[in-house]
Peer 1: 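My structure is below; once you've seen it, I'll send some questions.
Atoms within a ligand are numbered from 1 in the order they appear, just like the ligands themselves.
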Amino acid sequence: MSWKVSVEATAFNSGQFPPDGLPEIAMAGRSNVGKSTLVNAILGSKLAHVGSAPGKTRSVNFYLVDAGTVSFRLVDLPGYGYAERSKTEKKAWSQLTSSYVENRNSLVLVCHLADFRHGLLPNDRALQDWLSERGKPFIVLFTKADKISKGKRRSLLQQYVKDGLRSIDVPIVTSGEDRSGVSEARTFMENFLITAIR
Ligand code: GDP
């Protein structure tokens, strides 16, 4: 079933977050991981700006989703780990992100995006540790799967899982480019929300 989506808020500071209300699923990942592309593919709409200059998105973007069976907010968090950022910018990133993640009662799930070619890099593991310490559940969504041939995807996923990857469910292998895994991600979100709000 198609989703009805709209932009609800673009927040550069926590005062601009909309009030807690509908359950929220947040999208987090390194800059350039393909987050905007995947957000657009999942929303079925080109609302998120796909960056030609990595690390430009510093806002928290709230999208309102009417998925038919459930309504929720998809929350696009700023990308992290962009090497050329100044210390001030990194601090601003962590303040905005932590003020969202730590204080948001409506946050029910974090989708942790990681490039399928690279698996989890040290700052991805740092994010997972940080989320775990705060008791926030997360599922891994791999991105840019189109860069790996179809025949190799299953064994690569198994390798990552064997290497001790953390995720509340089997990671979903996606590509915003060829749309693989996108409907799976949408279905996962809907089912998760239906269970979470029961
Ligand atoms: P973000 O910084 O994480 O929001 O990443 P973007 O969505 O802006 O994408 C960063 C770059 O990766 C852009 O050049 C995109 O065209 C490219 N990209 C994003 N998703 C995919 C994908 O699924 N497959 C491939 N091959 N490239 C992608």
Peer 1: List every atom of ligand 1 that sits less than 4.0 Å from any heavy atom of Lys35, numbering the atoms from 1 in the order shown and giving each element.
Peer 2: 1 (P), 3 (O), 4 (O), 5 (O), 7 (O)
Peer 1: Pick one: which of Leu77, Ile42, Val75, Val33 meets side-chain contact (heavy atoms from CB on, under 4.5 Å) with Met27?
Peer 2: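 So, applying the side-chain contact (heavy atoms from CB on, under 4.5 Å) to Met27 and each of Leu77, Ile42, Val75, Val33, only Ile42 qualifies.
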Peer 1: Can you tell me which portion of Val50 lies within the under-4.0 Å heavy-atom range of ligand 1? Options are side chain, backbone, both, or neither.
Peer 2: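 Near ligand 1, Val50 shows its backbone as well as its side chain.
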Peer 1: Check ligand 1 against Asn32 and write out every atom of the ligand that is under 4.0 Å from a heavy-atom position of the residue.
Peer 2: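 So the atoms of ligand 1 that pass are 1 (P), 2 (O), 3 (O), 5 (O), 10 (C), 11 (C).
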Peer 1: Is there a polar contact between ligand 1 and Ser31, counting only N or O atoms under 3.5 Å apart?
Peer 2: no
Peer 1: State which residues pass side chain to side chain donor-acceptor pair (under 3.5 Å) with Asp146; sequence neighbours excluded, sorted by chain then number.
Peer 2: Ser175
Peer 1: Please test Leu141 against His112 for side-chain contact (heavy atoms from CB on, under 4.5 Å), starting from the C-alpha separation and ending with a verdict.
Peer 2: CA-CA 6 Å; Leu141 302 190; His112 178 202; over 6 Å; no
Peer 1: Have a look at Gly34, Ser36, Gly181, Ser175 and point out the one with the heavy atom closest to atom 4 (O) of ligand 1.
Peer 2: Ser36
Peer 1: Are Ser132 and Arg166 close enough that a side-chain donor and a side-chain acceptor fall under 3.5 Å?
Peer 2: yes
Peer 1: Measure the distances from the heavy atoms of Thr143 to every atom of ligand 1 and state whether one is below 4.0 angstrom.
Peer 2: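 False for this residue.
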Peer 1: Can you find a side-chain donor-acceptor pair between Tyr100 and Gln95 that sits under 3.5 Å?
Peer 2: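 No, Gln95 and Tyr100 have no side-chain donor paired with an acceptor closer than 3.5 Å.
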Peer 1: When you look for heavy atoms under 4.0 Å from ligand 1, do you find them on the side chain of His49, its backbone, both, or neither?
Peer 2: neither
Peer 1: Applying side chain to side chain donor-acceptor pair (under 3.5 Å), name anything that partners Gln159, two or more places apart in sequence or on another chain.
Peer 2: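 Counting only residues at least two positions away or on another chain, Gln159 forms a side chain to side chain donor-acceptor pair (under 3.5 Å) with Asp163.
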Peer 1: Is the ring centre of Phe138 less than 6.0 Å from the ring centre of Trp130?
Peer 2: no
Peer 1: Show which atoms of ligand 1 fall inside a sub-4.0 Å distance from at least one heavy-atom site of Val33.
Peer 2: 3 (O)
Peer 1: Nearest to atom 18 (N) of ligand 1 by heavy atom, Lys147, Arg179, Arg30, Lys144: which?
Peer 2: Lys144
Peer 1: Heavy atoms only: which of Leu38, Thr37, Asp146 lies closest to atom 22 (C) of ligand 1?
Peer 2: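 Nearest option to atom 22 (C) of ligand 1, by heavy atoms: Asp146.
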